[in-house]
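Down below is the structure, laid out as structure tokens.
Remember, it's 1-based here, ligands and their atoms both numbered in the order they're listed. If you read the sequence from its start, that first residue is 1, and numbering goes on from there. Predicted model, so just to flag it, every value in this text is computed and none were measured.
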Amino acid sequence: MLCPSMSNPFREDLVSRARPEACSVVIFGATGDLTHRKLIPALYNLAIDGELPTGVKIIGFARREKSDDVYREGLRELNEEVSRNGHDPEIWKDFENSIEYHQSEFQDEDGYKRLAERLEAIDAERGGKGNRLFYVASAPEYFDDILINLKKAGLNESVDGCWSRVIVEKPFGTDLASAQHLNQVVNQTFEEKDTYRIDHYLGKETAQNIMVLRFANAIFEPLWNNRYIEQIQITCSEHLGMEGGRGGYYDNAGALRDMVQNHLLQLLSLVAMEPPTDLSADGVRDEKVKVIRSLRQWDTPELVSENVVRGQYTAGHVHGKSVVGYTEEDRVDPESMTETYVALRCMVDTWRWSGVPFYIRMGKRLPKKATEISVHFKAPPNVLFNASHSEADEGNVLVIRIQPDEGISLRMVSKLPGTSLRLEPVKMDFQYSTSFGKGSPEAYERLLLDAMAGDATLFARRDEVEEAWKFIDHIHNGWKHNNESATPEMAEFVAGSWGPEEADNLLVKDGNTWRRL
Ligand code: BG6
């Protein structure tokens, strides 16, 4: 039993969380969508909640010519549209005074020298503390130039008791070789402890709660293994397609690289990891990486065909609106062999999970936006109630709703009130919104604050990223081989449906079915 007097690592962590010191946040790719829709609104909402350290300065670094005022105006327009806590013109006025624009090409060394001078002037104004957080959110082809030029300008060094850290946005490489190369460049410029590879799924409140659910409640851990769990499903469904010109990026990425290599394998590792020895960044990441390393490798074309299904949407209807098929989307190759849907059967080869399939599916243009993890427990012995009800045979299901409608539910079987013995499944439901009466911060709020505080727990470590790419590369190699055959396997499904039939068959082989969302 956990009682207040017992040592509880989660409580200690909450109490001792360091409040970040003032710093300058330099965003590369400052005119991009991510900066406008996520990063600036996240910083603004931290300011509203009083969490942004006083004296933070934000410098937007990008190529286009712009005055500070024009830059701020563009940020304000988007903030009004997307800010979690709404937009207060008075607060914004104060907040925008901390934003400046710095024009430079990413390859231009002189631009970084000017940046260094600018940062020194800001430090002097602030009273001398030169903490820097560099956020690399540009197009990925500039990542190397930015990192190398930061080093040449001496901006990578943590000096005089101040720190210099870098956050690197996704995509962190497009395969193992490119990720290794990027890791090399990062590690030649910043120390690993100052490197923050962002995966915004780890900043989601519900993802953070997975460890708490598992390790701060004594009831789940004894059941969390192959003796009691039949299968685990991770579903990420999106109704959007290639709006806003995303097709150009997506057609070179596909569902497997875009979401599985990072977000969904991270969720899988949180569900499957062993309890860490402590909550330090390395304590947690040591356990997560073991899971990814234990994934059985689908390293032949046959294994890929047996365990992975890829699909593309064709024209259909989503939310009552007709939509075009993937190959007719803007900036997508009409002959494209890029998957917009992927379903995988994963096996985690550890003692705990031996024989338990983990199914992952992700798709664009599915009926709705929802991400959830469902843990399907084994059915009880079929001796007492077998004549009463067949649905009871399905056993208990614990559902962790990552988004939207964040919460956790547990499906149980109950007696239907009445004079005869009839069993029905019922649901115990916990919802964040009603239980805590306040909304969760956006993932980027938490992650930006963690990077300022020097806490890398919710960021991916070098080995995690590389192990994940190793797993994904095998699948891509299998597909490449398959593309060269006379009949490449690409399952089609109508936009607005739950994906191709082939994905259902993937589970049928094991006697399972996808959970209906
Ligand atoms: C991004 C992917 O990393 O995550 C997008 O590139 C995807 O394709 C997005 O839509 C999903 O994020 P969220 O937080 O909306 O689930």
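- Inspection of the Asn209 and Thr206 side chains reveals no N or O donor paired with an N or O acceptor under 3.5 Å.
- Evaluated for a salt bridge (charged side-chain N to carboxylate O under 4.0 Å, His left out) with Glu192, the options Arg197, Arg461, Arg165 yield exactly one hit, Arg197.
- Under the 30°/60° scheme for interplanar angles, the aromatic rings of Tyr135 and Tyr444 are found to be tilted.
- Looking at Arg285 and Asp463, no side-chain N of the basic residue comes within less than 4.0 Å of a carboxylate O on the acidic one, giving no salt bridge.
- Protein residues having a heavy atom under 4.0 Å from any atom of ligand 1 are Lys170, His200, Tyr201, Lys204, Glu238, Arg246, Asp258, Met259, His263, Lys364, Lys369, Gln403, listed by chain and number.
- For Lys204 and Tyr201, the positive end sits near the middle of the six-membered ring, less than 6.0 Å away and at most 45° from its axis.
- A side-chain N or O of Tyr359 and one of Asn512 form a donor-acceptor pair less than 3.5 Å apart.
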